[in-house]
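A quick write-up on the structure given underneath.
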Protein chains: 2
Amino acid sequence: MPTETRIVIVDDHPVVLEGLTNMLHSLDSIKLVAGCADAIATMAVLRKEPVDLVITDINLPEISGIELCRRIRTAFPHTRVIGISTFHDPAYARELLNCGGSCFVTKNASVTEFETAIRKALQGETWVGDLLTEQKPLSFSQQEGPVITRREREVLALIATGFTNKEIAEKLFVSISTVDSHRKNLLTKFGVLNTAALVARAAKSGLIS
Amino acid sequence: MPTETRIVIVDDHPVVLEGLTNMLHSLDSIKLVAGCADAIATMAVLRKEPVDLVITDINLPEISGIELCRRIRTAFPHTRVIGISTFHDPAYARELLNCGGSCFVTKNASVTEFETAIRKALQGETWVGDLLTEQKPLSFSQQEGPVITRREREVLALIATGFTNKEIAEKLFVSISTVDSHRKNLLTKFGVLNTAALVARAAKSGLIS
DNA sequence: CGTGAAATCCCCTTTTCAGGGGATGCGTTT
DNA sequence: AAACGCATCCCCTGAAAAGGGGATTTCACG
């Protein structure tokens, strides 16, 4: 590596920010440009000075880490993004990669894992951590949250808000049958037997506001 | 303070552990005895050497921080406990204090707040952070989630897991009618019309794992 | 130009839930 | 002793959801 890698860390929890900062100090050739608490502040920093890598929490107030990633990659294509999250949620990882993110690691990842993620990100590779890749696609798509379509996501959101099939049908200008089909598909995809479990699982996967 | 305060930190996320450790380093008269990832390890440390204060995450794998607190206070009455959590959930705070905890702070608390909490805890006082005490009981019981009984909490958890009233009844060794009553009370207390909204709200309030 | 996924719609039956009512013990608090 | 909250149990009815099946259009992709 010719020069120092310029890094920005984003997390709304000072404790985590501190922990990450400290963790990075132990690595070579790294210059911590800034630690930000939200997406707005981060974009402001990026506009002012060149940054090679942004390490951001997924769960941020106002603007999510995913969205932040998208904006970074749109405005500064040379800046790589690593997402971190409390939970090893494949849905997050998938979304992050879809939005141009390089790596996804959980907060309980080891220093080694962080190092790997940083290295991979800087080389332009994608990586989603050991815990995630270890699992078979089948097993975690059942367990952690399946791939659902746009329409299913809409219906799911309305279900979680407490609307009945009939009400959802009226809102979406479709028939009750259609909503019912989507609902059934959701149950099947999530591998659950009723609405309660569906909503709980969706909430856990961060699919619900 | 005559001697150093002996502290153990508990969090299953290395990053947070690191952050807290670092934060504590900046304070005087503190000796960090150990950093643990779970309740079992923590109890093992306590059995080996005297500890004045345990700072633990509420959300721990296997055994929760609340339960850990209870065990600590039962086995080592002189050891104080501070609970930390990602969310400023009054329900957590209440439970923690009920289990003998001294203070409750969120992970986005400032160093000053941590200092206050530590000081209060060592003096045997209880404290639940600024954000929590600022709010009136009425306002946050409406907004953050109603006060529900132990039994209702149990039923709610089982509902969210996807069990039907019949199955819950079998698990709790009560009749379906009873479970149904609890369910209805939950709907009323949360001010929602169906299970989907109930689970969503409960998830938002952090009442569901 | 097929193929396939997504979205749309319909039929059927059984189970579960929601909403209304009331009632009984059993502790704790007043 | 009375009042209260909690947990327990029961009745009823109608609505909603679950579970099963099948069918259509539309649109993107190879």
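Values in this document were obtained by computation on a predicted structure and should not be read as measured data. Because only heavy atoms are used, hydrogens play no part in the values below, and waters and symmetry mates are left out as well, while side chains stay in. To find a chain, count down the sequence lines: A is the first, B the second, and so on, and within it residues start at 1.
Atom P of nucleotide D:dG5 and atom CD1 of B:Ile148 are separated by 17 Å, given to the nearest angstrom. As rounded to whole Å, 16 Å separates atom P of C:dC17 from atom CG of B:Asn185. With rounding to whole Å, B:Arg151 atom CZ is found 15 Å from C:dG27 atom P. One interatomic measurement links the two molecules: CG of A:Leu198 to P of C:dT16, which rounds to 18 Å at whole-angstrom precision. Atoms CG (B:Leu186) and C1' (D:dT8) sit 15 Å apart, rounded to a whole Å. Atom CD in B:Glu152 sits about 7 Å away from atom P in D:dC6, given to the nearest Å.
At distances below 3.5 Å, at least one donor-acceptor pair connects side-chain atoms of B:Ser175 with backbone N or O atoms of B:Ser177. Under a 3.5 Å cut-off, the side chain of A:Thr56 and the backbone N or O of A:Gly65 do not form any donor-acceptor pair.
The phosphate of D:dC6 (OP1 or OP2) has no side-chain N or O of B:Arg150 nearer than 4.0 angstrom.
A 4.5 Å side-chain heavy-atom check between B:Arg151 and B:Leu172 finds at least one atom pair inside the cut-off. Under the 4.5 Å side-chain criterion, counting only non-hydrogen atoms from C-beta, B:Thr149 is in contact with B:Lys189.
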**OP:** Spell out protein contact along nucleotides 9-18 of chain D as letters: B when the base is contacted, S when just the sugar-phosphate is, - when no protein heavy atom is under 4.0 Å; keep the 5' to 3' order.
**Re:** BB------SS
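Using a cut-off of 4.0 Å between Lys/Arg side-chain N and Asp/Glu carboxylate O, B:Glu154 and B:Arg150 are scored as not salt-bridged.
Each of B:His182 and A:Val192 has a nearest nucleotide on DNA chain D; the 5'-most of these lies closest to B:His182.
For the residue pair B:Thr178 / B:Ser181, no side-chain donor-acceptor distance below 3.5 Å is found, with atom types taken as modelled.
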